[in-house]
There are 2 protein chains.
Amino acid sequence: MAGILRRSGLKATHPRIALLNVIAESSAPVSAQEAAKRVGKKMDQATIYRAFNTLKSKKIIRQVDLRHNHAHYELFDYDDHHHMICISCGKVEDISGCEVESMYSAFLRAARSFATIEQHSLEFYGVCKTCAEKTQRKTHTIA
Amino acid sequence: MAGILRRSGLKATHPRIALLNVIAESSAPVSAQEAAKRVGKKMDQATIYRAFNTLKSKKIIRQVDLRHNHAHYELFDYDDHHHMICISCGKVEDISGCEVESMYSAFLRAARSFATIEQHSLEFYGVCKTCAEKTQRKTHTIA
DNA sequence: AAATAAATGCGAATTATTTGCATTTAAATC
DNA sequence: GATTTAAATGCAAATAATTCGCATTTATTT
């Protein structure tokens with residue numbers, strides 16, 4: 001992680017490295033709260049938010065919004081994956097494989113006022129198996 | 001608008017109707033702040049947020065997240081459109097036409113822990129023509 | 001017109017994110 | 001390795017976003 005930071009002209013500080021490790025090790029995008037919990041050494045929330053913002057501006061991480069009313073972040077790994085979010089319990093799963101990038105130029109033609117497309121995000125909202133089972137069980141229980 | 005509300009079992013109140021009109025008339029998803037400004041009669045912010053939440057739960061509107069650190073909402077019209085967001089100035093444009101829904105079943109097979117997909121959101125992040133021109137002008141200006 | 005559950009407004013509380021400033025620290029230089 | 005310095009951190013306080021409790025009002029039902 002230190003190398004990544006230095007290559008972007010950032011100082012390889014302990015808090016940043018710890019934060020990047022947390023993000024890298026997580027299987028789903030991480031919120032400020034979660035990051036605070038998972039970073040061993042207590043890291044001030046201001047530092048977390050500042051790190052999110054600088055890492056985002058250097059395209060080391062990218063912001064992901066999941067309709068949870070607070071931001072999440074994941075590594076900006078350039079691989080083309082997206083997210084499934086359970087509208088019942090909020091669980092998030094990464095899934096991979098889509099061809100949206102290959103359609104950038106077509107979408108750009110359709111957009112009147114845009115010059116370039118640089119990223120996209122694709123989120124699916126549905127019900128996870130756990131919640132689906134619970135609902136079914138509830139239904140069966142009705143007198 | 002009154003009919004839509006009543007059909008969902010909601011009272012057709014003035015604040016809600018005014019809010020729905022604002023959302024319907026906007027060409028891009030609306031935030032709480034924008035809604036507050038555009039609704040003629042002063043509508044309390046708590047009322048706005050409560051309306052957003054009840055309308056969302058009834059699938060009359062849907063939440064849209066644009067990496068702006070606050071939520072936006074648009075009519076839940078079931079048509080398959082998405083958004084372009086300028087990473088420089090934040091401008092948002094709706095564009096239409098994609099075939100993501102036709103790929104739901106394939107994505108569902110790829111997702112280990114999900115039972116259903118009910119919605120998706122697809123956002124493109126790029127640079128609008130206005131910002132692109134500004135940047136170019138700046139570049140040209142460099143000694 | 002009266003009854004009633006639902007919705008609003010207001011104020012205050014939470015939660016999310018940012019800012020100012022004194023102190024610390026990574027990296028560059030000697 | 002010690003010195004220097006700009007960048008980053010921590011702390012406290014500020015601002016923004018969202019929610020909550022409760023008394024009052026209002027859309028619907030009777």
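Every chain is numbered from 1, with letters handed out A, B, ... down the list of sequences.
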**Q.** Test salt bridge (Lys or Arg N to Asp or Glu O under 4.0 Å) applied to B/Arg67 - qualifying residues, sequence neighbours left out
**A.** none
Q: Answer with yes or no whether the hydrophobic clustering places A/Leu122 together with B/Phe124; edges join I, L, V, M, F, W, Y residues whose side-chain heavy atoms lie under 4.5 Å apart.
A: yes
Q: For DNA chain D, find the residues of residues 56-76 of chain A with a heavy-atom distance under 4.0 Å and give them by number; none if there aren't any.
A: A/Asn69
Q) Considering the terminal five base pairs at each end of the helix from C/dA1-D/dT30 to C/dC30-D/dG1, what angle separates the two local helix axes, rounded to 10°? A) 40°
Q.
With the threshold set at under 4.0 Å for non-hydrogen atoms, list the residues of residues 16-39 of chain B touching DNA chain D in residue-number order.
A. B/Gln33
Q: Measure the distance from CG on A/Leu55 to P on D/dA7 and round it to the nearest whole Å.
A: 16 Å
Q: Taking all heavy atoms of A/Ala35 and all of A/Leu19, pick out the closest pair and write down the distance.
A: CB-CD1, 3.6 Å
**Q.** Spatial distance of atom NZ (A/Lys134) from atom OG (A/Ser88) [nearest 0.5 Å]
**A.** 7.0 Å
**Q.** Distance, nearest 0.5 Å, that separates CD of B/Gln119 from CD of A/Glu123
**A.** 12.0 Å
Q) Would you say B/Cys128 and A/Phe114 make side-chain contact, with heavy atoms under 4.5 Å? A) yes
Q: Mind checking side chain to side chain contact (heavy atoms under 4.5 Å, CB included) for B/Thr13 and listing every partner two or more places apart, or none if nothing turns up?
A: B/Lys11, B/Pro15, B/Arg16
Q.
Can you give me the closest heavy-atom contact between A/Asp94 and A/Pro29, atom names plus distance?
A. OD1-CD, 3.8 Å
Without placing hydrogens or testing angles, list every side-chain donor-acceptor pair under 3.5 Å for residues 101-113 of chain A, not counting sequence neighbours.
from: A/Ser102; atom 1: OG; to: A/Glu99; atom 2: O; distance (Å): 2.6
from: A/Tyr104; atom 1: OH; to: A/His120; atom 2: N; distance (Å): 3.3
from: A/Tyr104; atom 1: OH; to: A/His120; atom 2: ND1; distance (Å): 2.9
from: A/Ser113; atom 1: OG; to: B/Glu93; atom 2: OE1; distance (Å): 2.4

Q.
Taking salt bridge (Lys or Arg N to Asp or Glu O under 4.0 Å) as the definition, give me every residue that meets it alongside B/Asp44, ordered by chain and number, with sequence neighbours left out.
A. none
Q. B/Glu74: what forms a salt bridge (Lys or Arg N to Asp or Glu O under 4.0 Å) with it, not counting sequence neighbours?
A. B/Arg62
**Q.** Annotated protein contacts, base or backbone, on nucleotides 23-30 of chain D with a non-hydrogen cut-off under 4.0 Å, one of B, S, - each
**A.** ---BBS--
(Q) Does anything in residues 43-50 of chain B come within less than 4.0 Å of DNA chain D? Heavy atoms only, and list the residues if so. (A) B/Gln45, B/Ala46, B/Tyr49, B/Arg50
Q. What closest approach, in Å, do B/Ser8 and B/Ile60 show between heavy atoms, and which atom pair accounts for it?
A. OG-CD1, 3.6 Å
Q: Output every pair passing side chain to side chain donor-acceptor pair (under 3.5 Å) with a member in residues 48-60 of chain A, not counting sequence neighbours, ordered by first then second residue.
A: A/Lys56-A/Gln63, A/Lys59-A/Glu118
**Q.** Heavy-atom closest contact (A/Ser31 atom, A/His70 atom, distance)
**A.** CB-CD2, 3.7 Å
(Q) Tell me which pairs pass ring-ring contact (aromatic ring centres under 6.0 Å, His included) where either residue lies in residues 3-27 of chain A, with sequence neighbours left out. (A) none
